[in-house]
Amino acid sequence: MNFEVIQTDSRSKARAGRITTDHGVIETPIFMPVGTQGAVKAVHMAELQSEVGAQIILGNTYHLYLRPGVDTLERAGGLHRFNGWGGPILTDSGGFQVFSLADRRKLTAEGAEFRSHIDGSKHLFSPERVMDIERSIGADIIMAFDECCPGDADHAYAERSLKLTEQWLGRCIKRFKETEPRYGYHQSLFPIVQGCVYPDLRTRAAERVAEAGAEGNAIGGLSVGEPTEVMYEMIELVNAILPADKPRYLMGVGTPANILEAIERGVDMFDCIMPTRNGRNGQLFTARGTMNMRNRKWADDFSPIDPDGHCAVDLLHSRAYLHHLFRAEELLALQIASIHNLAFYLWLVGEARRHILAGDFTTWKAGMVKQLSERI
């Protein structure tokens, strides 16, 4: 994998870059649609390419391990061949999913023992096992196994959690170096910076991750309950330590405004379920603010869904029609809203890149953040 910083904004830490993988080029900053179980909800692969403009998508190790299972993925030749996506893929290690199973898991130095949310069966995720699973899934970028610390954890808990994550990272790196890619193309391992909301722990974590010399690095454990301003403070602190010549990935964040704020602070890569999850619930994100398509006010509005038109459905269908689809509980409503939101997110990071290259990112971003907070 190769990462090149093309230009950095003169008034902030924002930068435009390019990641080259064996499955294609990724122009950064970039948003990555989440395909947890090998599919982005309500959107098929052709639409991700032609309508959304996705350059890289995500899969999740925990979910893909449970279903369809490692054996199936290996017989298929890896996730790319299994789901038909020809571009780059990133896999989350499953650490956040294990974190969310608080009543179903037990953490030890060996790993995370948990019970499946599907059938209650018992499983163990050790760092070594997770590396083997991610090799079998075959993503271009794979994440180290970590513990995601709750945003409201006290310092003692956060420090114990970080110590565990650091021990696991060492074992992940060792196993990764001992194994080879299964399908003939390069895979990159990204460590994850944890440390909750405590500057001393985040500093320690970022320094140790930087020392690992990986091809890219991630920031985890944010947007999990802490105040937004604290999240931004942690991003600034960590990015001042992580190497500037490697891509920085902020995991699971967030709103369009969150993304622009993080770009300004030097983040290159993002993922979040918000565009598709909120879309399925009727919320659309636009450059002029958010819209709740279930509201009665749209019933007689025959103007395009989004006159700015970032994808075909924006101009093909009216707001009244989409409102009707949600009221009638038609599946097409979920598809249209998901495509629109994902296309908007990809447009937003593309515009951020364009303004970084043009040299006016900070001015553009300030006006855009204000617009994004409006309710239409």
Side-chain angles (χ1 to χ4, degrees), residues 32-44 57-76 78-79 82-83 85 89-139 141-153 157 160-161 164-165 168 171-172 190 192 194 196 218 220-226 251-254 271-281 331 334 338:
M32 303 178 284
V34 178
T36 301
Q37 301 186 78
V40 177
K41 292 187 185 301
V43 184
H44 63 67
I57 65 172
L58 264 69
N60 181 263
T61 298
Y62 167 84
H63 287 282
L64 292 170
Y65 161 78
L66 292 177
R67 249 183 342 209
V70 171
D71 290 344
T72 297
L73 290 168
E74 288 182 347
R75 290 197 302 271
L79 183 58
F82 187 62
N83 71 3
W85 174 256
I89 296 176
L90 181 150
T91 43
D92 186 355
S93 67
F96 180 79
Q97 283 66 37
V98 172
F99 154 73
S100 67
L101 297 171
D103 59 339
R104 291 171 172 258
R105 50 94 166 153
K106 178 182 178 182
L107 300 179
T108 68
E110 175 60 22
E113 186 179 277
F114 62 90
R115 291 193 175 275
S116 164
H117 71 286
I118 299 170
D119 59 11
S121 56
K122 183 185 282 189
H123 304 268
L124 175 67
F125 267 15
S126 67
E128 294 80 7
R129 181 64 176 136
V130 168
M131 291 297 95
D132 291 346
I133 295 168
E134 292 195 80
R135 286 291 201 193
S136 293
I137 294 171
I141 299 172
I142 69 178
M143 306 307 298
F145 189 51
D146 64 332
E147 189 202 356
C148 183
C149 184
D152 59 355
Y157 181 101
R160 290 195 302 271
S161 174
L164 194 61
T165 291
W168 287 355
R171 291 164 58 189
C172 283
F190 281 25
I192 303 172
Q194 291 288 351
C196 198
L222 294 176
S223 193
V224 289
E226 79 284 353
M251 305 179 73
V253 180
D271 80 283
C272 190
I273 62 171
M274 187 172 287
T276 49
R277 182 192 62 191
N278 288 30
R280 295 194 305 275
N281 288 311
L331 295 179
L334 315 185
S338 296

Chemist: Hey, what do you get for CZ (Arg67) to CD1 (Ile118), rounding to the nearest 0.5 Å?
Modeler: 3.5 Å
Chemist: What do the steps show when you test His117 against Leu66 for side-chain contact (heavy atoms from CB on, under 4.5 Å), and what is the final call?
Modeler: CA-CA 9 Å; His117 71 286; Leu66 292 177; 3.9 Å; yes
Chemist: Between Asn83 and Ile57, is there a side-chain heavy-atom distance shorter than 4.5 Å?
Modeler: yes
Chemist: Please list, chain by chain and in numerical order, all residues satisfying side chain to side chain contact (heavy atoms under 4.5 Å, CB included) with Leu124, sequence neighbours excluded.
Modeler: Glu110, Glu113
Chemist: Taking side chain to side chain donor-acceptor pair (under 3.5 Å) as the test, write out the residues that go with Asp119, two or more places apart.
Modeler: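 For Asp119 the side chain to side chain donor-acceptor pair (under 3.5 Å) partners, ignoring immediate neighbours, are Ser116, Ser121.
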Chemist: Tell me every residue that passes salt bridge (charged side-chain N to carboxylate O under 4.0 Å, His left out) with Asp152, counting only those two or more places apart in sequence or in another chain.
Modeler: none
Chemist: Checking side-chain contact (heavy atoms from CB on, under 4.5 Å) for the pair Asp146/Ser93: CA distance, chi angles, key distance, verdict?
Modeler: CA-CA 8 Å; Asp146 64 332; Ser93 67; 3.8 Å; yes
Chemist: Could you check Val34 against Thr276 for side-chain contact (heavy atoms from CB on, under 4.5 Å), going step by step and ending with a plain yes or no?
Modeler: CA-CA 9 Å; Val34 178; Thr276 49; 5.8 Å; no
Chemist: Give the minimum heavy-atom separation between Phe125 and Phe145, together with the two atoms involved.
Modeler: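 Heavy atoms only, the tightest pair is O-CE2, 3.4 Å.
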Chemist: So, for Glu134 and Thr61, which heavy atoms are closest and what is the spacing to 0.1 Å?
Modeler: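 The answer is CG-OG1, 3.3 Å.
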Chemist: Rounded to the nearest 0.5 Å, how far apart are CD of Gln194 and CG of Leu222?
Modeler: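 That separation rounds to 8.0 Å.
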Chemist: Under the side chain to side chain contact (heavy atoms under 4.5 Å, CB included) test, which residues partner Ser161, sequence neighbours left out?
Modeler: Glu147, Cys149, Tyr157
Chemist: At what distance, to the nearest 0.5 angstrom, does CG of Leu79 lie from CD of Gln37?
Modeler: 11.5 Å
Chemist: Go through the structure and list residues passing side chain to side chain contact (heavy atoms under 4.5 Å, CB included) with Ala218, not counting sequence neighbours.
Modeler: Met143, Ile192, Tyr249, Met251
Chemist: Run the side chain to side chain donor-acceptor pair (under 3.5 Å) test against Arg171 and tell me which residues pass, sequence neighbours left out.
Modeler: Glu128
Chemist: Counting C-beta onward and ignoring hydrogens, is there a side-chain heavy-atom pair between Thr36 and Lys41 closer than 4.5 Å?
Modeler: no
Chemist: Please name all residues satisfying side chain to side chain donor-acceptor pair (under 3.5 Å) with Asp92, sequence neighbours left out, ordered by chain then number.
Modeler: none
Chemist: For Leu334 versus Ser338, what's the shortest heavy-atom pair and its separation?
Modeler: O-OG, 2.8 Å
Chemist: Looking only at non-hydrogen atoms, find the nearest pair between Cys196 and Pro150 and report the distance.
Modeler: SG-O, 3.3 Å
Chemist: Return the CD1 to CD1 distance between Ile142 and Ile133, rounded to the nearest 0.5 Å.
Modeler: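 Between Ile142 CD1 and Ile133 CD1, I get 11.0 Å after rounding to 0.5 Å.
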Chemist: Give, for atom CG of Leu58 and atom OG1 of Thr91, the distance between the pair rounded to the nearest 0.5 Å.
Modeler: 8.0 Å
Chemist: Report the C-alpha separation of Leu73 and Ser136 in whole Å, then their side-chain angles, then the decisive distance to 0.1 Å, and conclude whether the side-chain contact (heavy atoms from CB on, under 4.5 Å) test is met.
Modeler: CA-CA 7 Å; Leu73 290 168; Ser136 293; 5.8 Å; no
Chemist: Quick one: ring pair (Phe, Tyr, Trp, His ring centres under 6.0 Å) partners of His123, sequence neighbours excluded?
Modeler: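 By the ring pair (Phe, Tyr, Trp, His ring centres under 6.0 Å) rule, His123 matches Tyr65, Phe114.
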Chemist: With sequence neighbours left out, write down each residue that passes side chain to side chain contact (heavy atoms under 4.5 Å, CB included) with Asn281, or none if nothing qualifies.
Modeler: Arg277
Chemist: At their closest point, which heavy atom of Pro127 faces which heavy atom of Cys172, and how far apart are they?
Modeler: CB-SG, 3.6 Å
Chemist: May I ask you to test the Val43-Pro33 pair for a side-chain heavy-atom distance under 4.5 Å?
Modeler: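 Of all side-chain heavy-atom pairs linking Pro33 with Val43, none is under 4.5 Å.
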Chemist: Under the side chain to side chain donor-acceptor pair (under 3.5 Å) rule, collect the residues that match up with Ser223, sequence neighbours excluded.
Modeler: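 Listed in chain order: nothing, the list is empty.
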Chemist: Please check if atom CG in Leu331 has more than 12 non-hydrogen atoms from other residues, nucleotides or ligands closer than 6.0 Å.
Modeler: no
Chemist: What heavy-atom pair brings Pro68 and Phe82 nearest, and what distance separates the two atoms?
Modeler: CG-CE2, 3.7 Å
